[in-house]
Amino acid sequence: MSEQNQFVREVAEKKYEFGFTTDVQTEIIDKGLNEDVIRTISAKKGEPEWLLEFRLEAYRYWLTQEQPTWGHLTLPEIDYQAISYYADPTKKSADGEKKELDPELVKTFDKLGIPLEERLALSGMAVDAVMDSVSVKTTFKEKLAEKNIIFCSISEAVKEYPDLVRQYLGSVVPYRDNYFAALNSAVFSDGSFVYIPQGTRCPMELSTYFRINARNTGQFERTLIICDEGSYVSYLEGCTAPMRDENQLHAAIVEIVVMDNAEVKYSTVQNWYPGDENGKGGVLNLVTKRGHLRGVNSKLSWTQVETGSAITWKYPSCILQGDNSQAEFYSVAVTNNHQVADTGTKMIHIGKNTRSTIISKGISAGKSQNSYRGLVKVGTKADGARNYSSCDSLLLGSECGAHTFPYMDIHNNTATVEHEATTSKINEDQLFYCNQRGISTEEAVGLIVNGYAKDVINKLPMEFAVEAQKLLSVSLEGTVG
Amino acid sequence: MATPFWGSGGFMLEIKNLHATVNGKEILKGIDLTINDGEIHAVMGTNGAGKSTLSNVIVGNPAYEVTEGSITFNGKDLLAMKPEERAHEGIFMSFQTPIEIPGVSMTNFMRAAVNARRQAKGEEPLKSTDFLKIMREKRKLVEIDQKLMNRSVNEGFSGGEKKRNEIFQMAMLEPTFCILDETDSGLDVDALRIVAEGFNKLRTSETSAMVITHYQRLLDYIKPDIVHVLIDGKIVKTGGPDLALKIENEGFDWIKAELASI
């Protein structure tokens with residue numbers, strides 16, 4: 001029916017509001033990848049020898065590996081020699097130390113809604129702002145230090161807290177984990193480091209905002225969060241990039257360690273540039289995120305709202321080692337136009353009475369493909385382990401696809417594992433019913449999509465829930481009506 | 001047919017020579033119909049005569065295409081308006097088959113609808129407490145269970161609950177012109193009575209309505225001023241309430257015979 005096509009077309013013509021570029025002097029190293037490049041990155045960051053060795057080992061391993069092909073997606077051929085692996089937009093003084101913040105950078109983050117001046121900041125949130133390969137600024141560091149909480153860029157942590165970094169870096173995601181993990185371990189640039197000491201409830205939300213700006217560069221985020229015994233932290237990451245015709249690469253690793261009775265909430269609102277309506281350009285978002293629930297009664301929840309990127313390849317996972325540990329994965333993935341998402345989680349139950357919950361909501365529009373891929377594994381010693389998985393797909397139009405790939409690998413008879421899946425479609429009848437009650441098509445789509453995603457959105461911290469709701473509507477509405 | 005005096009000059013709903021198609025097939029073949037302030041018109045007819053097409057065209061369902069003719073509402077060109085704009089003008093349709101919207105609670109749905117209409121009139125959105133108070137009042141008026149309000153729109157509602165929910169929405173939106181599109185279909189006698197009584201309670205002296213039905217039984221509760229017979233896309237006969245009674249007893253064949261003899 002022609003109205004259906006019209007609606008789908010209108011929905012597909014969405015706008016990306018963060019597509020601007022920042023004109024700032026950026027130090028970019030030559031394109032290409034080899035051991036010298038890795039030495040250069042390491043030297044620029046003033047790293048100790050052990051870290052350089054770590055990088056080189058990872059690089060040598062990476063050379064022996066091939067790009068994985070099991071995802072329900074076709075990765076464009078990535079020419080790793082055509083990418084620059086280090087771009088620094090901050091100004092340096094003669095002695096190489098960072099000086100004043102470039103006002104252009106401050107303006108950029110302002111425009112993104114991330115004020116870098118503490119007096120303007122959202123109350124109750126500290127921010128680490130990363131542009132390209134470098135952390136530009138971390139707010140509220142001093143205030144957090146009063147509670148002995150460490151929140152800084154990983155580069156700074158390497159210098160200031162080398163023992164902590166050395167102890168935990170690569171302990172959750174070893175460089176041999178996968179192709180992109182090896183690449184990241186070889187060339188990672190910046191990201192955040194969080195350490196919450198014993199018995200401390202972090203008094204504010206911690207967040208990292210990732211921005212890709214420079215052309216033909218890759219961003220290799222590395223984040224490490226350690227939540228010590230009886231502590232709590234809520235962490236949020238946001239991401240945007242300018243509109244560019246060529247693909248940009250973001251290959252990240254996030255590692256989280258959760259000790260006895262500790263709890264970490266990790267929320268992501270991912271809005272990388274998704275490419276244009278013909279599928280040209282966009283960020284390739286190839287991410288390994290994993291939490292290790294080491295301690296008894298430890299808790300970790302991943303909440304993600306994924307609306308951006310040309311390709312998303314991402315499975316925030318949990319290793320439930322501590323007895324009675326609890327893990328959650330809440331995900332909304334929206335794909336439009338030619339976007340492709342293959343995302344989900346792995347829940348690895350090792351300890352006794354461990355529990356995991358998976359709630360995944362896929363929303364597909366345009367000509368996009370949206371897959372949920374998940375593994376629930378219960379080890380022989382995980383007596384009384386429980387998992388509940390629910391995977392729903394919502395389709396807008398008839399040219400998009402939704403796919404579900406749930407894997408279960410159960411080695412303990414006392415485990416309880418449940419899986420539910422549904423697929424539904426927003427249809428013209430629903431929209432017209434809303435219209436007849438006075439609700440415009442644009443608002444109706446927002447209402448339906450947000451209603452569909454609310455179980456996940458409700459898990460986000462308040463301010464971000466509102467942002468995420470808007471983002472869902474913007475991602476899907478475009479010029480409808 | 002007596003036309004009551006209309007103060008501001010113009011009929012509430014005026015349909016002239018309306019032709020409409022569905023999927024390229026002509027269903028309405030020249031409808032002329034005028035409904036004045038406060039009048040209840042019944043439209044009866046055989047299956048496939050175009051009754052539902054007529055109601056859907058009035059509310060602007062995009063699945064139906066108007067090929068000729070005009071519809072004005074309080075003097076405004078209805079066909080130039082989007083469906084939601086027509087709703088804002090005060091037109092409401094009780095759907096023959098109410099639509100389910102998973103994930104959207106009745107409360108959120110109604111809030112969006114009420115506030116969209118207020119916005120169109122240049123009014124501020126209702127405060128949550130005020131909105132919930134109105135919900136409570138209207139819910140009592142049409143005797144609809146509170147538990148349905150927390151559920152998704154029409155999802156898991158029984159046939160009777162869905163129809164009652166339509167009347168509840170009508171109560172919330174306070175339309176001036178209502179279309180009841182086969183509201184009686186799928187209802188038992190008790191449910192029919194409750195729905196019809198709900199409608200009657202909501203009626204004011206200004207409310208006008210077009211009641212589409214196959215049967216007299218709904219018209220026992222909602223008494224029409226004027227009855228039209230629609231056959232093959234045209235209104236072939238118009239009369240008073242007795243016309244509906246005659247159709248109930250004798251069917252449509254005598255009308256078809258009359259037409260054939262002309």
Side-chain angles (χ1 to χ4, degrees), chain A residues 1-10 332 334 359-363 390 392-396 420-458 469 472-473 476-477 479-481, chain B residues 22-24 55-56 58-65 81-95 97-121 151-155 162 165-166 168-170 172-175 179 181:
Chain A
M1 188 190 281
S2 66
E3 289 81 15
Q4 175 90 32
N5 290 342
Q6 162 114 14
F7 165 67
V8 171
R9 249 200 333 274
E10 284 171 345
V332 176
V334 181
I359 308 286
S360 164
K361 306 268 183 184
I363 301 166
S390 156
D392 299 328
S393 306
L394 183 66
L395 298 164
L396 284 83
E420 291 174 14
T422 65
T423 302
S424 50
K425 204 169 172 179
I426 294 187
N427 57 44
E428 285 294 321
D429 288 344
Q430 289 171 330
L431 295 175
F432 178 66
Y433 191 70
C434 293
N435 291 159
Q436 210 299 305
R437 299 309 186 236
I439 304 167
S440 68
T441 300
E442 195 156 313
E443 202 184 339
V445 171
L447 200 63
I448 293 170
V449 166
N450 276 304
Y452 172 78
K454 70 176 173 227
D455 293 348
V456 175
I457 301 285
N458 287 345
Q469 273 180 358
L472 282 187
S473 301
L476 290 165
E477 280 170 11
T479 56
V480 174
Chain B
V22 182
N23 295 327
S55 30
N56 275 287
I58 295 171
V59 293
N61 188 331
Y64 298 80
E65 191 185 350
M81 293 182 205
K82 291 179 187 170
E84 60 269 30
E85 292 166 343
R86 302 182 197 199
H88 299 157
E89 288 293 325
I91 297 179
F92 179 91
M93 179 164 86
S94 167
F95 280 58
T97 314
I99 308 295
E100 298 182 5
I101 309 179
V104 179
S105 72
M106 267 311 294
T107 306
N108 281 345
F109 180 68
M110 275 291 92
R111 193 195 324 247
V114 167
N115 284 335
R117 179 149 184 212
R118 291 179 66 88
Q119 194 185 358
K121 286 199 265 178
R151 286 204 209 145
S152 296
V153 177
N154 291 321
E155 200 180 38
K162 281 182 181 171
N165 191 25
E166 295 291 287
F168 166 70
Q169 294 176 48
M170 184 182 139
M172 290 298 295
L173 296 169
E174 300 179 332
I179 300 171
D181 189 2

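Residue numbers start from 1 in every chain, and the chains themselves are labelled A, B, ... in the order their sequence lines are given, proteins ahead of strands.
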Margin query: Within this structure, what is the CD1-CZ distance for the pair A:I439 and B:R117, rounded to the nearest 0.5 Å?
Written below: 13.0 Å
Item checked: Side-chain heavy atoms of A:N435 within contact of B:K82, under 4.5 Å -> no
Next item on the list: Find out whether B:P102 and A:Y452 are in side-chain contact, i.e. whether some heavy atom of one side chain is under 4.5 Å from a heavy atom of the other.
Entry: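 With C-beta onward as the side chain, the pair stays apart.
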Next item on the list: Among B:V114, B:I101, B:N108, single out the residue with the greatest number of heavy-atom pairs under 4.5 Å to chain A.
Entry: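 That would be B:I101.
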Notebook entry, point to check: So which part of B:P175 gets closer than 4.5 Å to some heavy atom of chain A, the side chain, the backbone, both or neither?
Noted result: neither
Check: What part of B:N154 gets closer than 4.5 Å to chain A, counting heavy atoms only: side chain, backbone, both or neither?
Finding: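 Answer is side chain: those atoms of B:N154 sit under 4.5 Å from chain A.
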Margin query: Checking B:E155 now: which residues fulfil salt bridge (Lys or Arg N to Asp or Glu O under 4.0 Å) with it, not counting sequence neighbours?
Written below: none
Are the side chain of [X] and the backbone of [Y] linked by a donor-acceptor contact shorter than 3.5 Å?
X      : Y      : result
A:Q436 : B:I91  : yes
A:Q430 : B:E100 : yes
B:Q169 : A:R437 : no

Next item on the list: Tell me, please, which residues at least two apart from A:D429 pass side chain to side chain contact (heavy atoms under 4.5 Å, CB included).
Entry: A:N427, B:I99
Next item on the list: Check A:G438 against B:A116 and note the closest heavy-atom contact, atom names and distance.
Entry: O-CB, 3.1 Å
Check: Can you name the nearest heavy-atom pair linking B:P83 to A:F432, along with the distance?
Finding: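 Heavy atoms of B:P83 and A:F432 come nearest at CB-CE1, 3.9 Å.
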Next item on the list: Could you tell me how the ring of B:F95 sits relative to the ring of A:Y433: parallel (under 30°), tilted (30 to 60°) or perpendicular (over 60°)?
Entry: perpendicular
